[in-house]
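Note sheet for the following structure.
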Amino acid sequence: MTIERSSLPRVLFSLVIIGLLVFLAAQFVRPAIGNPPATAELAAPPEVKRVLRNSCYNCHSNETQLAWFDQVAPAYWIAARDVKMARSHLNFSEIAKLPAAQQKGLLWEAVNQAQLGAMPLPSYLALHPHARLSDADLAVLKNYLNPPSPAPAPDDKAKTAADEQYNHWIQASGTKLEVQLSPNGIAYPQDWKNWKAISTTDRFDNHTMRIIFGNDVAVRAIAEHRINPWPDGTIFAKSAWQQQPDADGNTRAGAFLQVEFMIKDSAKYASTRGWGYARWRGMDLKPYGKDAGFTAECVGCHNPVRHNDYVYTFPLEGLQ
Ligand code: HEC
Ligand code: HEC
């Protein structure tokens with residue numbers, strides 16, 4: 001069959017009509033989004049809620065409000081899929097029914113995702129620029145999770161106490177300490193102070209300095225570039241000290257605050273994604289956590305770096 005020249009406009013017209021009909025028919029295929037009642041909304045100060053409402057609630061709550069252009073298929077289908085997935089990860093309208101530690105972990109993950117620029121979804125920001133987080137918005141969220149504390153003042157007594165504590169600490173090394181098990185059954189790794197320092201970090205909001213140590217399996221893995229995933233047997237220790245300025249303005253390690261561990265054993269710790277978590281606090285090394293559920297907090301906050309086998313630290317140059 002040949003199409004005569006004169007009938008071409010007619011064919012084009014029919015195609016446009018067919019396209020329109022398909023488009024109209026598509027509008028009737030509508031997976032429901034729905035806004036069930038917000039039964040357990042996040043409890044947070046109004047300024048925190050304002051930021052989350054503006055940038056996250058459209059997908060991560062039961063208060064989804066679609067713009068008119070999101071109501072039209074196929075955009076509607078993408079929105080419906082995003083909202084469903086987003087709510088299943090994190091729903092601010094239902095978060096308060098989770099245990100406190102898990103809520104905290106989720107909020108940490110949320111702020112991490114926002115800081116990395118992964119959330120709100122970049123594809124969403126293109127059409128909804130109002131949802132972009134400003135630096136001030138991000139600061140509101142970070143302050144909420146990590147309220148800044150005043151820097152410690154130079155204090156000779158605190159300095160002497162910290163030095164005494166440190167001497168005691170050094171003398172104790174080599175003798176086996178009596179330390180209670182972590183609530184999830186992990187025993188205190190006695191010799192971590194002899195491991196190799198892999199990295200250090202400072203935190204200015206709460207004025208602590210931290211040193212991260214790795215056991216010999218970790219150090220070997222670094223040398224052999226086998227760090228994602230880390231091999232079974234790897235252990236990290238992260239120790240934290242209070243920053244203590246002296247009268248000359250130098251910052252020294254003050255009181256010992258805590259040491260925490262991640263122990264890799266893919267089979268044994270499968271329920272916490274392959275790592276056993278434990279933390280001991282203070283000079284008397286009191287195990288952290290009311291029960292084994294405390295690990296939800298650790299896993300939640302390490303989840304944003306799951307593509308890095310849940311480990312934040314990149315080993316210092318030179319060890320590799
Ligand atoms: C356009 C919808 C949309 C908006 C707006 C949005 N998110 Fe998401 N979010 C998603 C989707 C979809 C997923 C699931 C992604 C996946 O599974 O790959 C998700 C996942 C997450 C996760 C879990 C990450 C993971 O991979 O486990 C966190 C945390 C998160 N979002 C935080 C936020 C925060 C904080 C905001 C606001 C600053 C925000 N989101 C805004 C759609 C959105
Ligand atoms: C608030 C978020 C958060 C929580 C909760 C958290 N961590 Fe971490 N963890 C981090 C960050 C960030 C680092 C990277 C080092 C740094 O910044 O000090 C880290 C580092 C570590 C390291 C060194 C290895 C690495 O991943 O870099 C260990 C060990 C560790 N954490 C153990 C724990 C244990 C045990 C718990 C639970 C009792 C826990 N963490 C809970 C954020 C968290």
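For ligands, and for the atoms within them, numbers begin at 1 and follow the listed sequence.
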Review point. Should the proximity of Tyr312 to ligand 2, defined as any heavy atom under 4.0 Å, be assigned to the side chain, the backbone, both, or neither?
Key: both
Check your understanding: With a distance cut-off below 6.0 Å to the six-membered ring centre and an angular limit of 45° from the axis, does Arg279 pair with Phe294 as a cation-pi contact?
Key -> no
**Study point:** Any N or O of Tyr277 closer than 3.5 Å to N or O of ligand 2
**Key:** no
**Study point:** Selection from Thr313, Asn184, Ile211 by shortest heavy-atom distance to atom 27 (O) of ligand 2
**Key:** Thr313
Revision key, fill the gap. Quick look: Ser199 vs ligand 2, heavy-atom contacts under 4.0 Å, and the answer is neither
Check your understanding: Is the closest side-chain donor-acceptor distance between Thr160 and Asp163 under 3.5 Å?
Key -> no
Review point. Which residue from Glu297, Arg279, Glu109, Met262 reaches closest to atom 29 (C) of ligand 2 through any of its heavy atoms?
Key: Met262
Practice item. Can you figure out which of Lys84, His89, Arg87 has its heavy atom closest to atom 23 (C) of ligand 1? Key: His89
Point to revise | Under 2.8 Å: N/O/S of His60 next to atom 8 (Fe) of ligand 1 | key: yes
Point to revise | Selected option - heavy-atom contact closest to atom 21 (C) of ligand 2, from Met209, Lys104, Glu260, His302 | key: His302
Point to revise | Per-atom contacts of ligand 2 with Phe261, taking only distances under 4.0 Å to non-hydrogen atoms | key: 29 (C), 35 (C)
Point to revise | Closest to atom 10 (C) of ligand 1 among Pro122, Ser61, Ala131, Ala86 (heavy-atom distance) | key: Ala86
Check your understanding: Within less than 2.8 Å of atom 8 (Fe) of ligand 1, any N, O or S from Met119?
Key -> yes
